[in-house]
Amino acid sequence: MRPCVCLLALLCLAASTPLVDAQDAGGRLAFYSDRDGHNDLYVMNTDGSGLTNLTDQVGRNLEPVWSPDGSKIAFRSYRDGAWDVYVMNADGSGVLNVSNSQSVDKLPVWSPDGSQIAFRSNRDGNWEIYLVNADGSDLRNLTNNPAYDTAPTWSPDGSKIAFRSSRTHPDQVYLINADGSGERQLTSNPGTAGQLETLSLSGLTWSPDGRTIALVAGDLNSLYANIVAVNVETGEMKLLTSGRDLHGHPRWSPDGSRMVYECRRANNWDIYVMNADGSEVRRLTNDPANEWFPVWSPDGSKIAFTSERDGNWEVYVINADGSGLSNLTSNPGDDVGVAWGPVR
């Protein structure tokens, strides 16, 4: 099993680097792994201890997402003959199928108050954004449009959802109120941000203050992609990275002052951090292996990511200044899709 990457993407330290105060960052880590012969969801403490298989069954269990209070995990699973969105308690109990269809349901994201989950589904013959209560009630089609609507992401106050849509060509970013009203087109594509012609948009993520959406903008042939900040009020786009490299998976720090992302240079993916305005870029990893999917700790002091530097995919953690690299999983299986849960 290898993760599929589209437009994606810490200082090289000795393999004997000791674990360094990872627990101080708070929360727990969830990921999925094929170490038991099938894809299961696991959780562990942030120093790698306390590893627990939450699903432990034949099938495919992917995309763990912590609820805002850390009490539950949403994920998608192929266990009842179709891909559905499930919710379970953080200890693996109380598993509930909340999307429950024979279509493909995926990409679950929690509302900031933990009461609802947005996801994408093709149950109507095309991709739409759906909402469902965390207990599986009140399932509804939010977008209800014949176009391809995907990649939902909630505003920090829970009032809006941003998503990507093909209802205009090329794809644009749209905003819609959580009750389905007030839909509006945010971006104008093709357009320009600095010297970058914007042709393909992906990787949407809101800033903590709700004023900006970061996304990945690149050419349709995936030859290059840069990170762009979009003003939520005006739709104005500001180029944060530059050049003909591939940048991907931008994630704001908890305080909104920085952004972590992955970048492919010289045919190799590494993890980088920059200020929210694109200044003071710091390269955190420098290894011949590929390293992807960085996520922040709740306090912004550390970053977890996935690396293949050991010949298979492992979960690593590193301090946000590039020090203290640690392999947390160290297993022959592939460990990917890491999500850092909140402090409870």
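Since the structure is predicted, the reported quantities are computational estimates derived from the model, not experimental observations.
Of all the heavy atoms in T329 and V315, the pair that sits closest is OG1-N, 3.0 Å. Summarising the geometry of P288 relative to N268, their closest heavy-atom pair is O-OD1, 2.5 Å, with the distance given to 0.1 Å. Residues N286 and R283 approach most closely at OD1-NH2, 3.2 Å, considering heavy atoms. When every heavy atom of A90 is checked against every heavy atom of W66, the shortest pair comes out as CB-CZ3, 4.0 Å. Minimum heavy-atom separation, Y130 to N141: OH-ND2, 3.5 Å. Residues G158 and A178 approach most closely at O-CB, 3.7 Å, considering heavy atoms.
Of the candidates V173, T212, L215, L201, L215 is the only one forming a side chain to side chain contact (heavy atoms under 4.5 Å, CB included) with V230. With P152 as the partner, the side chain to side chain contact (heavy atoms under 4.5 Å, CB included) test is satisfied by one option alone out of I117, L142, V109: V109. The only option from F293, Y261, W296 that meets the ring-ring contact (aromatic ring centres under 6.0 Å, His included) definition with H249 turns out to be F293.
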Would D209 and S207 count as a side-chain hydrogen bond (donor to acceptor under 3.5 Å, both in side chains) here? Give the steps. CA-CA 5 Å; D209 64 9; S207 63; 2.6 Å; yes
Evaluation steps, side-chain contact (heavy atoms from CB on, under 4.5 Å), between T55 and M88: CA-CA 9 Å; T55 51; M88 64 182 170; 4.2 Å; yes
Verdict with reasoning, Y78 to L62, per side-chain contact (heavy atoms from CB on, under 4.5 Å): CA-CA 9 Å; Y78 193 93; L62 312 173; over 6 Å; no
List the steps and the verdict of side-chain contact (heavy atoms from CB on, under 4.5 Å) for I303 and V273. CA-CA 10 Å; I303 294 164; V273 169; 3.6 Å; yes
Yes or no on side-chain hydrogen bond (donor to acceptor under 3.5 Å, both in side chains) for D40 and H38, after CA distance, side-chain angles and deciding distance? CA-CA 6 Å; D40 278 311; H38 43 83; 2.9 Å; yes
Let me see the working for T143 and N145 under side-chain hydrogen bond (donor to acceptor under 3.5 Å, both in side chains), right down to the final yes or no. CA-CA 6 Å; T143 50; N145 188 282; over 6 Å; no
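Using modelled atom types, one side-chain atom of T241 and one backbone atom of I227 make a donor-acceptor pair closer than 3.5 Å. Checking side-chain atoms of N312 against main-chain N and O of G333 turns up a donor-acceptor pair under 3.5 Å. Formation of a donor-acceptor pair under 3.5 Å by the T205 side chain with backbone atoms of G203 is not found in this model. The main-chain N or O of T153 is found under 3.5 Å from a side-chain atom of W206 such that the two form a donor-acceptor pair. Using modelled atom types, no side-chain atom of N100 and backbone atom of D84 make a donor-acceptor pair closer than 3.5 Å. Side-chain N or O atoms of N231 include one that pairs as donor or acceptor with a backbone N or O of E233 at under 3.5 Å. In this structure a side-chain-to-backbone donor-acceptor pair under 3.5 Å is missing from Q172 to L186. No donor-acceptor pair under 3.5 Å is formed between the side chain of D335 and the backbone N or O of S33. The closest donor-acceptor contact from the side chain of D113 to the backbone of S115 lies under 3.5 Å. With hydrogens and angles disregarded, no donor-acceptor distance shorter than 3.5 Å links the side chain of N177 to the backbone of D179.
Interatomic distance, R164 CZ to L204 CG, rounded to the nearest 0.5 Å: 7.5 Å. How far CZ of R28 is from OH of Y42: 15.5 Å, rounded to the nearest 0.5 Å. Taking OG of S103 as the start and CD of E128 as the end, the distance is 11.5 Å to the nearest 0.5 Å. To the nearest 0.5 Å, atoms CD1 (I271) and CD1 (I318) are separated by 9.0 Å. The CZ atom of R258 sits 13.0 Å away from atom CG of D277, with the distance rounded to the nearest 0.5 Å. Separation of atoms CH2 (W83) and CG (N122) is listed at 13.0 Å; rounding is to 0.5 Å.
Using cut-offs of 30° and 60° for the angle between ring planes, the F75 and Y86 rings count as parallel.
Residue E236 places its CD atom among 12 or fewer non-hydrogen atoms of other residues, nucleotides or ligands, all under 6.0 Å distant.
Between D105 and R76, no side-chain nitrogen of the basic residue sits less than 4.0 Å from a carboxylate oxygen of the acidic one, so the salt-bridge criterion is not met. The residues K106 and E63 are annotated as not salt-bridged, no charged nitrogen and carboxylate oxygen being separated by less than 4.0 angstrom.
If you chain together hydrophobic residues whose side chains sit under 4.5 Å apart, F163 and V85 never meet in one group. Connection of V228 to V232 is established within a shared hydrophobic cluster, with ILVMFWY side chains joined at heavy-atom distances below 4.5 Å, either directly or through further cluster members. Cluster annotation: L139 and V98 are assigned to the same hydrophobic cluster (Ile/Leu/Val/Met/Phe/Trp/Tyr, side-chain heavy-atom contacts under 4.5 Å, transitive). Hydrophobic cluster membership is shared by V95 and Y32, with clusters built from Ile, Leu, Val, Met, Phe, Trp and Tyr side chains linked at under 4.5 angstrom. Cluster membership check: W340 shares its hydrophobic cluster with M44, using side-chain heavy-atom separations under 4.5 Å among Ile, Leu, Val, Met, Phe, Trp and Tyr.
For the 3.5 Å distance criterion, the side chains of H247 and D245 fail to qualify, holding no donor opposite an acceptor. Side-chain contact annotation: S257 with D255, donor-acceptor N/O pair under 3.5 Å present. With 3.5 Å as the limit, one finds a donor-acceptor pair spanning the side chains of N61 and R79. Remark: the Y174 side chain and the T168 side chain contain an N/O donor-acceptor pair separated by less than 3.5 Å. Side chains of S307 and E314: no donor on one and acceptor on the other come within 3.5 Å.
For residues 138-162, every residue pair satisfying the salt bridge (Lys or Arg N to Asp or Glu O under 4.0 Å) rule, not counting sequence neighbours, is listed here: D138-R140, D149-R167.
Between N126 and Y148 there is no side-chain heavy-atom pair separated by less than 4.5 Å. Counting only heavy atoms from C-beta outward, the side chains of W127 and V104 approach each other to under 4.5 Å. No side-chain heavy atom of V317 sits less than 4.5 Å from a side-chain heavy atom of T46. At a threshold of 4.5 Å between non-hydrogen side-chain atoms, the residues V338 and L328 do not count as touching. Considering only heavy atoms from C-beta on, Q116 comes within 4.5 Å of W154 through its side chain.
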